[in-house]
Amino acid sequence: MLRLDHLTLRQDSFHLTADWQIDAGERVAVIGPSGAGKSTLLMAIAGFLAPDQGRILWQGRDLAGVGPGERPVSILFQDQNLFPHLTLAQNLGLGLSPTLRLTEAQREAVTEALARVGLAGMGARKPAQLSGGQQGRAALARALLRARPLLLLDEPFAALGPALKAEMLELLAEVAQVTGAGVLMVTHDPIDAQRFATKTVLVAEGVAAPPVETAALFAHPPATLRAYLGQ
Amino acid sequence: MADRAGKIGLAEALGLGIAVLILGSAAMVGLRAESWALKPTDGSALRFTVMQAALSACISVAFAIPVARALFRRRFAGRRALIRLMAAPFVLPVIVAVLGIVTVFGRAGPLNAMFETIGLPQISIFGLQGVVLANVFFNLPLATRMLLHGWEAIPAERFRLAASLGMPPAAQLRHLEVPMLRALVPGIALVIFLICLASFAIALTLGGGPRASTIELAIYQALRFDFDLGRAALLASVQFLLCAGVTLLAARVSLPQAFGAGLGRRQQSFAPTGWRRGMDAAVLSAAVLLLALPMLAVVAKGLPGLAALPAGLGPAALRSVAVALSSAVLAVGVALVLALAQARRPRLWLELSAMLPLAASSLVLGTGLFLMLRPFVAPQTLALPVTMLVNAALTLPYLYRLLLPEARQLFQDYDALAASLGLTGIARLRYLTLPRLARPLGYGAGLAAALSMGDLGVIALFASDGGATLPLFVQRLMGSYRMEQAAAAALILVVLSYALFWAFDRIGSYYAEA
């Protein structure tokens with residue numbers, strides 16, 4: 001369970017508050033206008049931004065001072081999710097061992113993960129030899145190997161076309177199911193939220209609102225969401 | 001997290017170490033100077049130092065302006081090769097160029113032979129004119145590359161607009177090119193002035209005597225021949241203050257970024273024809289002759305000498321390569337640690353300590369270290385380690401400047417990903433930093449190795465008769481007028497310098513592409 005306890009994030013003149021929790025294995029979309037702080041919220045949970053006030057807790061444990069690599073999360077950024085100079089196998093291997101000293105079993109796990117996301121036999125390739133969709137798959141395969149209980153996505157598929165994006169969301173659902181991970185996914189597309197997330201957090205006007213049922217939220221959108229959707 | 005703290009600790013320690021080395025040497029010579037009263041000969045050395053540097057800077061820039069302009073607006077076969085030739089002197093050992101200049105312009109050279117047949121008086125290459133000529137040889141290409149950069153930075157649309165308005169070349173010059181020159185020339189001239197203030201090897205070989213002695217040459221003579229430590233210390237203090245003052249001035253303008261820049265971008269040019277084409281051709285030919293003739297002369301004179309190489313060349317070459325390799329590794333290592341730390345968290349004092357060696361010269365550091373070491377050991381026994389250390393320190397500012405933007409980019413692009421995966425410490429160095437920075441690291445190590453290979457500074461202060469490096473070996477052969485042997489040894493020196501540069505650069509590119 002992830003709990004944001006009276007959390008306040010501050011960057012220069014920007015600030016954002018949040019005070020809610022999500023349960024293990026829950027799929028939550030984070031939606032709101034650009035610049036509202038969706039990414040900032042994810043960065044704080046991933047450990048790249050220290051809270052100004054309040055705490056971020058995982059299973060009751062305060063994550064303050066825990067480095068990004070040690071947190072119970074995997075994160076997919078908007079871009080730069082793969083090291084371009086390493087092969088796919090190495091990129092995936094980093095999900096199992098940050099020193100890339102892999103056991104035979106781990107090597108096999110990498111091969112399997114590649115096959116699982118439809119990249120069988122491509123372990124020796126460099127990211128530049130892949131399409132955008134394939135790169136997204138590789139990043140998801142690494143998240144699969146890392147198997148952390150919480151998966152954070154900062155719009156990693158925003159640059160993909162609608163069909164490819166739908167495919168990625170399916171794969172994401174599969175990865176989340178296999179690892180039992182909860183998902184916190186930033187998106188600017190209401191359709192993504194409705195298709196994928198059971199709950200949705202609305203970030204607007206300096207507040208990340210507590211998650212509510214996605215269907216209910218869009219059925220009766222509050223004023224800030226209506227403004228964002230242009231209704 | 002602990003690892004991150006450790007890395008910053010290392011950068012801080014290195015930053016402090018550099019500050020201690022440079023400022024410690026400066027303090028040492030300042031304290032050891034017995035009296036602050038300059039002798040008349042010291043005064044004239046100071047005047048000569050400033051004069052030759054000022055003249056060299058003015059002539060280099062004045063000549064570089066038409067050369068860069070011609071290179072910018074003309075397209076001809078061999079243009080790229082010429083721009084590459086302009087980069088070559090940066091890593092060319094000074095002693096080799098001096099040898100070439102003496103061969104071409106010296107008493108027995110072809111130029112004086114020509115003068116003699118047409119009844120003109122002989123010119124001497126020794127003294128002010130020789131020192132300035134050698135300085136121009138090295139700095140004309142530097143100034144040209146920096147100015148060419150400036151020209152290429154003027155948007156092509158401006159030239160198109162000027163052409164569409166029918167602006168004559170003079171108007172184009174006034175409205176487009178002069179503003180760029182006004183912004184760049186003072187900085188370039190100041191940088192060259194600073195380089196020429198500390199051009200010890202040139203003064204050692206082409207200067208000398210009461211009327212053409214620089215401060216650094218006076219330091220060398222005081223330490224090496226008169227063994228007057230107090231006077232050497234005083235002169236070193238004067239040199240340090242002079243260079244530090246000019247460095248502070250130059251800090252307001254950008255440092256030379258002349259190497260490594262990609263020149264040769266296609267720019268639509270609207271070059272005027274007629275007599276101006278002839279002018280450009282003449283200017284470019286003059287520059288090519290100035291740069292190529294001395295080099296060809298060394299080759300022509302050295303090739304026959306290769307058959308009978310002088311004794312002692314092998315060990316001298318070995319010493320030089322050892323010094324060059326270790327100093328390259330040290331300089332690149334320190335520059336990398338500092339650049340990575342600065343990319344993560346910029347601090348002014350670290351930046352300053354990385355730049356501090358610019359204010360010091362080989363002879364100032366050498367004198368300081370000589371005074372520091374003398375109570376404990378015979379300085380000769382530490383000639384090679386000291387040379388290695390001083391060479392590394394002197395190339396550090398260039399390497400740091402080379403690596404910093406790359407380190408910033410690396411940090412910006414991949415720090416978050418690396419941190420989210422827990423990639424830290426040695427693994428991060430091995431799988432992220434080294435492969436991503438392989439190209440600039442290889443290039444930087446090549447520069448450092450070649451510069452160190454060709455250095456003739458501190459080694460001249462410290463070396464015993466038997467412990468010479470290759471540049472010093474060449475200089476000694478020249479000093480005893482064994483010109484053919486000197487040229488042969490110089491050829492080997494050039495080949496080794498460029499081979500080191502090339503090898504490191506290739507290794508870097510190889511790993512960057514792998």
Side-chain angles (χ1 to χ4, degrees), chain A residues 39-40 42-50 63-87 89-102 124 126-128 135 138-139 141-143 145-148 150-154 156, chain B residues 1-10 336 339-341 343-346 403 405-445 505-514:
Chain A
S39 294
T40 310
L42 249 64
M43 287 301 143
I45 297 169
F48 292 105
L49 177 68
L63 291 181
V66 180
E70 280 90 59
R71 295 199 173 203
V73 306
S74 286
I75 181 163
L76 266 62
F77 303 101
Q78 272 176 24
D79 45 25
Q80 317 282 26
N81 281 307
L82 300 171
F83 291 113
H85 56 282
L86 299 183
T87 64
Q90 285 177 309
N91 267 296
L92 264 59
L94 282 174
L96 291 172
S97 158
T99 59
L100 269 183
R101 286 198 203 99
L102 300 182
K126 298 271 176 79
Q135 291 181 8
R142 192 183 55 213
L145 289 171
R146 264 169 79 78
R148 301 285 162 120
L150 185 61
L151 196 48
L152 305 174
L153 292 98
D154 189 8
Chain B
M1 287 275 154
D3 173 79
R4 186 174 300 184
K7 212 174 276 168
I8 285 173
L10 180 58
L336 179 64
L340 290 176
R344 186 176 291 282
R345 187 156 66 95
L403 290 175
E406 310 274 351
R408 283 207 186 111
Q409 191 66 49
L410 178 74
F411 185 78
Q412 195 182 321
D413 289 349
Y414 298 109
D415 181 63
L417 178 56
S420 77
L421 294 172
L423 186 62
T424 56
I426 298 291
R428 178 169 168 141
L429 190 68
R430 175 169 167 202
Y431 292 112
L432 177 60
T433 310
L434 292 183
R436 292 305 297 172
L437 298 185
R439 206 181 288 274
L441 283 172
Y443 183 75
D505 191 41
R506 280 306 310 154
I507 293 171
S509 306
Y510 174 78
Y511 280 106
E513 279 153 22

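Letters A, B, ... are given to chains in the order of the sequence lines, protein chains preceding strands, and every chain is numbered from 1.
- The contact between Arg142(A) and chain B is made entirely by side chain atoms (from C-beta outward), counting heavy-atom distances below 4.5 Å.
- Proximity to chain B at a heavy-atom threshold of 4.5 Å picks out Leu94(A), Pro98(A), Thr99(A), Leu100(A) from residues 94-101 of chain A, in numerical order.
- Every residue two or more places apart in sequence or in another chain was checked for a side-chain hydrogen bond (donor to acceptor under 3.5 Å, both in side chains) with Arg71(A), and none qualifies.
- With a 4.5 Å cut-off on non-hydrogen atoms, Ala418(B) touches chain A through its backbone and its side chain both.
- Considering only residues two or more places apart in sequence or on other chains, Phe411(B) meets the ring pair (Phe, Tyr, Trp, His ring centres under 6.0 Å) condition with none of them.
- Using a 30° and 60° split on the angle between ring planes, Tyr414(B) and Phe83(A) fall in the tilted class, from 30° to 60°.
- For the residue pair Phe48(A) and Ala416(B), the shortest heavy atom distance occurs at CZ-O, 3.0 Å.
- Your options are Pro435(B), Gly422(B), Ser420(B), and the one with the most heavy-atom pairs under 4.5 Å with chain A is Ser420(B).
- When the candidates Ile75(A), Asp79(A), Asn81(A) are compared by the number of heavy-atom contacts under 4.5 Å with chain B, Asn81(A) comes out ahead.
- Atom CG in Leu417(B) sits 8.5 Å away from atom CD in Gln80(A) (nearest 0.5 Å).
- Once rounded to the nearest 0.5 Å, the distance linking CD of Glu70(A) with OG1 of Thr424(B) reads 7.5 Å.
- For Leu76(A), no part sits under 4.5 Å from any heavy atom of chain B, backbone or side chain.
- With sequence neighbours excluded, the residues satisfying side-chain hydrogen bond (donor to acceptor under 3.5 Å, both in side chains) with Asp154(A) are Ser39(A).
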